[in-house]
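Data first, discussion second: the structure below is written as structure tokens.
In what follows, every heavy atom counts, from backbone to side chain, and hydrogens, waters and symmetry copies are set aside. Bear in mind that the values here come from a model prediction, so they are computed numbers and not experimental data. Each chain gets a letter, A, B and so on, in the order the sequences are listed, and its residues count up from 1.
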Protein chains: 2
Amino acid sequence: MDAILSHLVERLNHLRTQEDFEAFLRGAAEDMGFDMFAYAGGRLAADRVAARTVFQRPPITMSSFPSEWLTHYADEGYFKDDYVVVQSLRAILPEQWHAERGVREIRPRQAQIMREAIDAGLRRGFFVPIHGPANDFGLLNVICHEAETEFSKIVERYKHELHVLAVHFHDAVQKRLPASAGRGARLQLTERESEILRWTAVGKTSWEISEILHITERTVNFHVANSMRKLGVYSRTHAVAKSISLGLTQL
Amino acid sequence: MDAILSHLVERLNHLRTQEDFEAFLRGAAEDMGFDMFAYAGGRLAADRVAARTVFQRPPITMSSFPSEWLTHYADEGYFKDDYVVVQSLRAILPEQWHAERGVREIRPRQAQIMREAIDAGLRRGFFVPIHGPANDFGLLNVICHEAETEFSKIVERYKHELHVLAVHFHDAVQKRLPASAGRGARLQLTERESEILRWTAVGKTSWEISEILHITERTVNFHVANSMRKLGVYSRTHAVAKSISLGLTQL
DNA sequence: CAACTAGCTGTCAGTTCTGACAGGGGGCCT
DNA sequence: AGGCCCCCTGTCAGAACTGACAGCTAGTTG
């Protein structure tokens with residue numbers, strides 16, 4: 001394993017385009033005996049109250065799933081209810097899943113998704129959650145058509161390799177294909193703005209911040225207002241929550 | 001190697017006490033040829049503006065570092081400036097470090113820490129950052145006294161195993177020793193309180209929330225006030241930021 | 001130089017929040 | 001039954017925030 005894994009990780013350094021990465025993943029999954037794969041990675045949105053989306057912006061995705069399934073999946077907004085996704089969002093360890101066996105605490109909608117997944121040929125698989133700093137998140141899901149016993153054997157054999165590989169893969173993809181999912185028109189706060197937001201986040205009033213930074217209260221409000229405008233929100237509280245979720249209020 | 005790794009991961013399931021885990025880590029590190037180890041894991045504080053601490057509460061720690069170094073390290077508050085820690089907080093991949101070689105973009109204080117680390121016998125090592133959902137964070141650092149070439153050989157051989165092991169270790173520790181670092185007097189928001197905080201986080205005013213939840217504005221303010229009191233803060237904004245950082249306002 | 005950016009400051013009307021004074025109802029446990 | 005907790009509601013004064021009007025300096029870049 002060791003040699004193979006190191007070789008794979010090494011190869012990651014030479015990949016450049018989305019197609020490179022996709023081909024790489026396809027090859028690796030096949031070599032291990034998996035029949036399909038899917039990867040999604042990006043930055044999580046933190047304000048998911050009535051969230052329709054999980055990611056801030058469309059994540060970078062690669063998969064060999066049937067296109068009808070992907071379309072259906074996207075149309076129905078399955079992503080945020082999919083058991084594999086939900087579990088990945090709150091777990092740190094990889095895990096295997098079986099659509100047929102169901103899972104404890106599963107909700108009706110999740111069961112529905114599982115049933116439809118089976119029809120699409122996704123019966124069982126193994127997923128690796130990838131968590132990084134500042135809401136960085138990724139998910140690798142590999143599917144196997146084999147019977148359960150054979151599947152378990154494959155998983156037992158490769159789970160650690162897949163784990164390591166997934167993390168390296170995610171890191172490489174997110175570093176190398178940054179503009180990719182693009183269309184970000186990424187907003188940026190000035191130094192002053194994020195500085196003031198940080199103080200706001202710990203409960204300082206405008207007047208207090210003005211004392212801290214040796215500027216007038218008016219100026220503090222000016223910067224706060226600019227931050228709010230940039231973030232497209234109408235209250236400091238929302239601005240702080242959003243900038244944290246966007247990773248703009250650094251650390 | 002695979003068998004060994006699987007065996008180690010399997011053994012993690014049987015550990016119960018902090019001493020169990022510490023002995024486990026000591027054994028694993030030694031077997032791989034490392035001379036010392038240190039682990040720290042807990043929940044990150046998100047409001048780290050002028051943060052003196054990195055963790056919300058004292059993290060679970062285990063290490064075989066010299067006690068004088070640990071004391072000195074704690075007294076001086078090195079944790080938040082230590083290159084290994086800083087790097088772990090923003091990286092997703094493990095990495096080796098050499099105190100002597102220094103590092104790009106290193107700050108004076110970091111250099112100072114590195115120099116003192118060398119005196120304490122920490123010359124080079126390998127660290128694994130562990131990121132989880134909801135500000136879950138851990139760090140495993142293993143130290144090697146060998147010369148650089150031998151060290152590199154060891155790292156090359158075991159880095160992936162250490163990576164996998166660290167993640168599993170962290171997960172087991174955090175799940176199994178929850179009350180441990182204890183003394184949390186962990187505060188808890190009621191269902192209503194966190195529900196209202198979530199709406200507040202996305203910029204809703206009290207009046208709007210009252211419409212959404214079909215209660216009076218007064219009641220919304222009542223719950224917000226209770227949340228603020230529990231969190232020990234004096235503004236909604238701070239309450240939202242803090243509850244997010246504490247993982248109370250779920251993801 | 002003109003245009004642009006980041007930072008800074010002033011006033012003011014209207015809205016929102018905060019913390020204090022009150023109170024009632026339902027459920028759970030001893 | 002009494003004690004707690006959670007949920008809900010009312011009023012009110014003072015503080016804080018928001019968005020609009022306005023204008024200043026300094027540095028960078030085409």
Counting side-chain heavy atoms from CB outward, which of [options] is closest to [X]?
| X | options | answer |
| --- | --- | --- |
| Met228(A) | dT18(C), dC17(D), dT18(D) | dT18(D) |
| Glu191(B) | dC17(C), dT18(D), dC7(D) | dC7(D) |
| Arg192(B) | dA6(C), dC7(D), dC8(C) | dC7(D) |
| Asn221(A) | dT9(D), dT18(D), dC17(C) | dT18(D) |
| Thr190(B) | dT9(C), dC7(D), dG7(C) | dC7(D) |

Let me know, please, whether Phe222(B) or Arg236(B) comes out on the 5' side of the other along DNA chain C by nearest nucleotide.
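That would be Arg236(B).
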With ring pair (Phe, Tyr, Trp, His ring centres under 6.0 Å) as the test, pick out the partner of Tyr39(B) among Phe127(B), Phe169(B), Phe24(B), Phe137(B).
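In the set Phe127(B), Phe169(B), Phe24(B), Phe137(B), the residue that makes a ring pair (Phe, Tyr, Trp, His ring centres under 6.0 Å) with Tyr39(B) is Phe169(B).
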For DNA chain C, find the residues of residues 208-218 of chain A with a heavy-atom distance under 4.0 Å and give them by number; none if there aren't any.
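Those residues are Ile215(A), Thr216(A), Arg218(A).
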His170(B)-Asp136(B) side chain donor-acceptor pair, cut-off 3.5 Å
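Their side chains do contain a donor-acceptor pair, which is all the 3.5 Å distance test asks for.
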Side chains of Arg229(A) and Asn226(A): is there a donor and an acceptor less than 3.5 Å apart?
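Note: Arg229(A) and Asn226(A) side chains meet the donor-acceptor criterion.
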Check this for me: does any side-chain nitrogen of one of Glu195(B) and Arg192(B) sit under 4.0 Å from a carboxylate oxygen of the other?
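Salt bridge: yes.
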OH (Tyr234(B)) with more than 12 external heavy atoms under 6.0 Å
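Count not over threshold, so no.
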Just how far, in rounded Å, is [atom2] of [N] from [atom1] of [X]?
| X | N | atom1 | atom2 | value |
| --- | --- | --- | --- | --- |
| Leu197(B) | dC17(C) | CG | C1' | 14 Å |
| His238(B) | dA16(D) | NE2 | C1' | 17 Å |
| Lys204(B) | dT16(C) | NZ | P | 13 Å |
| Leu231(B) | dT18(C) | CG | C1' | 15 Å |
| Arg229(A) | dT5(C) | CZ | C1' | 12 Å |
| His223(A) | dC8(C) | NE2 | C1' | 7 Å |
| Glu193(A) | dG7(C) | CD | P | 6 Å |

So what does Tyr234(B) touch, heavy atoms closer than 4.0 Å: a base, only the sugar-phosphate, or nothing?
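Sugar-phosphate contact only.
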Please name all residues satisfying ring pair (Phe, Tyr, Trp, His ring centres under 6.0 Å) with Phe126(B), sequence neighbours left out, ordered by chain then number.
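Checked Phe126(B) against ring pair (Phe, Tyr, Trp, His ring centres under 6.0 Å); zero matches.
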State, to the nearest 10°, the angle formed by the axis through the first five base pairs of the helix from dC1(C)-dG30(D) to dT30(C)-dA1(D) and the axis through its last five.
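Axis-to-axis angle, ends of the helix: 50°.
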Looking at Lys230(B) and Thr190(B), what are the two nearest heavy atoms and their distance?
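So the two residues come closest at NZ-CG2, 3.7 Å.
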Is any side-chain nitrogen or oxygen of Thr219(B) closer than 4.0 Å to OP1 or OP2 of dC7(D)?
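Checking dC7(D) against Thr219(B), no side-chain N or O comes under 4.0 Å of OP1 or OP2.
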Ignoring backbone atoms, establish whether Ser206(A) has a side-chain N or O less than 4.0 Å from OP1 or OP2 of dA16(D).
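No.
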Rounded distance (nearest 0.5 Å) linking atom NE2 of His98(B) with atom CD1 of Ile118(B)
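Those atoms lie 11.5 Å apart.
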How long is the straight-line distance from CG of Leu139(B) back to OG1 of Thr61(B), given to the nearest 0.5 Å?
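Answer rounded to 0.5 Å: 11.5 Å.
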Looking at side-chain heavy atoms only, is the closest gap between Val85(B) and Leu89(B) below 4.5 Å?
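SC-SC contact between Val85(B) and Leu89(B) confirmed.
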